[in-house]
Engineer: 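Sharing a structure with you now.
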Amino acid sequence: MSVEAKHAVIEKIVARLSASKIIRNFLFVLADHQRTQLIPEVIAAFHQVIRQRQGVAEAEVSSAVELSAAQKQELAATLARLTGKKIETKYALDAALLGGAVVRIGDTIYDGSLRSRLNEMRTRLAAE
């Protein structure tokens with residue numbers, strides 16, 4: 001597809017969405033440099049920046065068993081106090097944890113799993 005054809009398609013999309021000239025020009029740059037396949041990553045990065053500016057953090061919670069609504073609410077409140085941010089949580093089950101939970105917020109991991117504690121005890125006992 002020629003550059004002119006790509007620009008025509010982008011113009012139609014921008015007009016349909018009533019998007020700004022800045023967005024149009026940015027899409028032109030992506031198309032001109034054959035980077036349109038990166039648009040989903042650009043959108044994800046943009047959403048992440050917006051959420052950071054709004055003071056929202058995403059927490060990925062893995063637990064050995066399904067948490068009750070009360071436990072989820074208490075965990076979210078505790079994480080909000082720890083981080084000082086509004087917390088959006090995603091939950092997953094991981095039976096390998098044996099008990100407890102592991103929470104990942106960005107690069108920070110809070111490991112309260114039974115598996116981790118047993119490994120710590122094993123290490124301490126082996127060192128003695």
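The residues of the chain are indexed from 1 along the displayed sequence.
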Engineer: Quick one: does Thr78's side chain get under 4.5 Å of Arg81's, heavy atoms only?
Structural biologist: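 In contact.
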Engineer: Quick check: do Glu88 and Arg51 have side-chain heavy atoms less than 4.5 Å from each other?
Structural biologist: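 Touching, per the 4.5 Å side-chain cut-off.
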Engineer: I'd like to check His7 versus Asp32 (side-chain heavy atoms, cut-off strictly below 4.5 Å). Are they in contact?
Structural biologist: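 Sidechains of Asp32 and His7: in contact.
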Engineer: Report yes or no: does Arg115 contribute a side-chain atom to a donor-acceptor pair with the main-chain N or O of Ser113 at less than 3.5 Å?
Structural biologist: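 Pair absent, no side-chain N/O of Arg115 close to backbone of Ser113.
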Engineer: Search all heavy atoms of Ile109 against all heavy atoms of Arg104 and return the closest pair with its distance.
Structural biologist: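 What the structure gives for the nearest pair is CD1-NH2, 3.5 Å.
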Engineer: Given the rule that I, L, V, M, F, W and Y join up when any side-chain heavy atoms are under 4.5 Å apart, are Val102 and Leu75 in one cluster?
Structural biologist: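 Shared cluster, no.
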Engineer: Kindly check if the number of other-residue, nucleotide or ligand heavy atoms within 6.0 Å of CZ (Phe26) is above 12?
Structural biologist: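 Check fails, neighbour count at 12 or below.
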Engineer: Any chain of hydrophobic side-chain contacts (each under 4.5 Å) joining Val3 to Leu30?
Structural biologist: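 In one cluster: no.
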Engineer: For residues Leu93 and Ser63, determine if any side-chain heavy atom of one lies less than 4.5 Å from a side-chain heavy atom of the other.
Structural biologist: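 Yes, close enough: below the 4.5 Å cut-off.
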Engineer: State yes or no: do Leu67 and Leu97 share one hydrophobic cluster built from I, L, V, M, F, W and Y residues joined by side-chain heavy-atom distances below 4.5 Å, directly or via other members?
Structural biologist: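 Cluster IDs for Leu67 and Leu97 differ.
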Engineer: Which heavy atom in Ala59 sits nearest to a heavy atom in Val103, and how many Å separate them?
Structural biologist: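 Closest heavy-atom pair between Ala59 and Val103: CB-CG1, 4.1 Å.
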Engineer: What's the separation between atom CG in Leu114 and atom CG in Asp111, rounded to the nearest 0.5 Å?
Structural biologist: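 These two atoms lie 10.5 Å from each other.
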Engineer: Would you say Ile50 has more than 12 foreign heavy atoms packed within less than 6.0 Å of its CD1?
Structural biologist: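 Atom CD1 in Ile50 is crowded, with more than 12 foreign heavy atoms closer than 6.0 Å.
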Engineer: Considering non-hydrogen atoms only, spot the tightest contact between Gln71 and Glu66 and give its length.
Structural biologist: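 Scanning both residues, the minimum pair turns out to be OE1-O, 4.4 Å.
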Engineer: So if you build clusters from Ile, Leu, Val, Met, Phe, Trp, Tyr with side-chain heavy-atom gaps below 4.5 Å, do Val65 and Val61 land together?
Structural biologist: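 Different clusters: Val65 never reaches Val61 through Ile, Leu, Val, Met, Phe, Trp or Tyr contacts under 4.5 Å.
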Engineer: Taking the side chain as C-beta and beyond, is there a heavy-atom pair between Glu120 and Ser116 under 4.5 Å?
Structural biologist: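 The answer is yes, as the side chains (C-beta and beyond) meet within the 4.5 Å cut-off.
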Engineer: Working to the nearest 0.5 angstrom, can you tell me the gap between Lys12 NZ and Ile10 CD1?
Structural biologist: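 So the gap between those two atoms works out to 12.5 Å.
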Engineer: Hey, is Glu58 close enough to Lys85 for a salt bridge, meaning N to O under 4.0 Å?
Structural biologist: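 Salt bridge between Glu58 and Lys85, a charged N being under 4.0 Å from a carboxylate O: no.
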Engineer: Would you say the side chain of Ile87 lies within less than 4.5 Å of the side chain of Val56, judging by non-hydrogen atoms?
Structural biologist: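 Not touching, per the 4.5 Å side-chain cut-off.
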Engineer: When clusters are formed by joining ILVMFWY residues with side-chain heavy atoms under 4.5 Å apart, either directly or through shared neighbours, do Ile43 and Ile23 land in the same one?
Structural biologist: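 Yes, Ile43 connects to Ile23 through the hydrophobic network.
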Engineer: Looking at side-chain heavy atoms only, is the closest gap between Leu27 and Ile39 below 4.5 Å?
Structural biologist: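 They are in side-chain contact.
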Engineer: Between Glu128 and Arg124, is there a salt bridge with N-O shorter than 4.0 Å?
Structural biologist: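 Looking at Glu128 together with Arg124, the answer is no, because their closest N to O distance does not fall below 4.0 Å.
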Engineer: May I ask you to check whether over 12 heavy atoms, not counting those of Gln37, lie within 6.0 Å of atom CD?
Structural biologist: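 Correct, the count exceeds 12.
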Engineer: Nearest heavy-atom pair of Ala31 and Thr36: which atoms, and what distance?
Structural biologist: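 Closest heavy-atom pair between Ala31 and Thr36: CA-CG2, 3.7 Å.
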Engineer: Return yes when atom CD of Glu11 has more than 12 non-hydrogen atoms of other residues, nucleotides or ligands closer than 6.0 Å, and no otherwise.
Structural biologist: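 Yes, CD of Glu11 has more than 12 neighbouring heavy atoms, counting only those of other groups under 6.0 Å.
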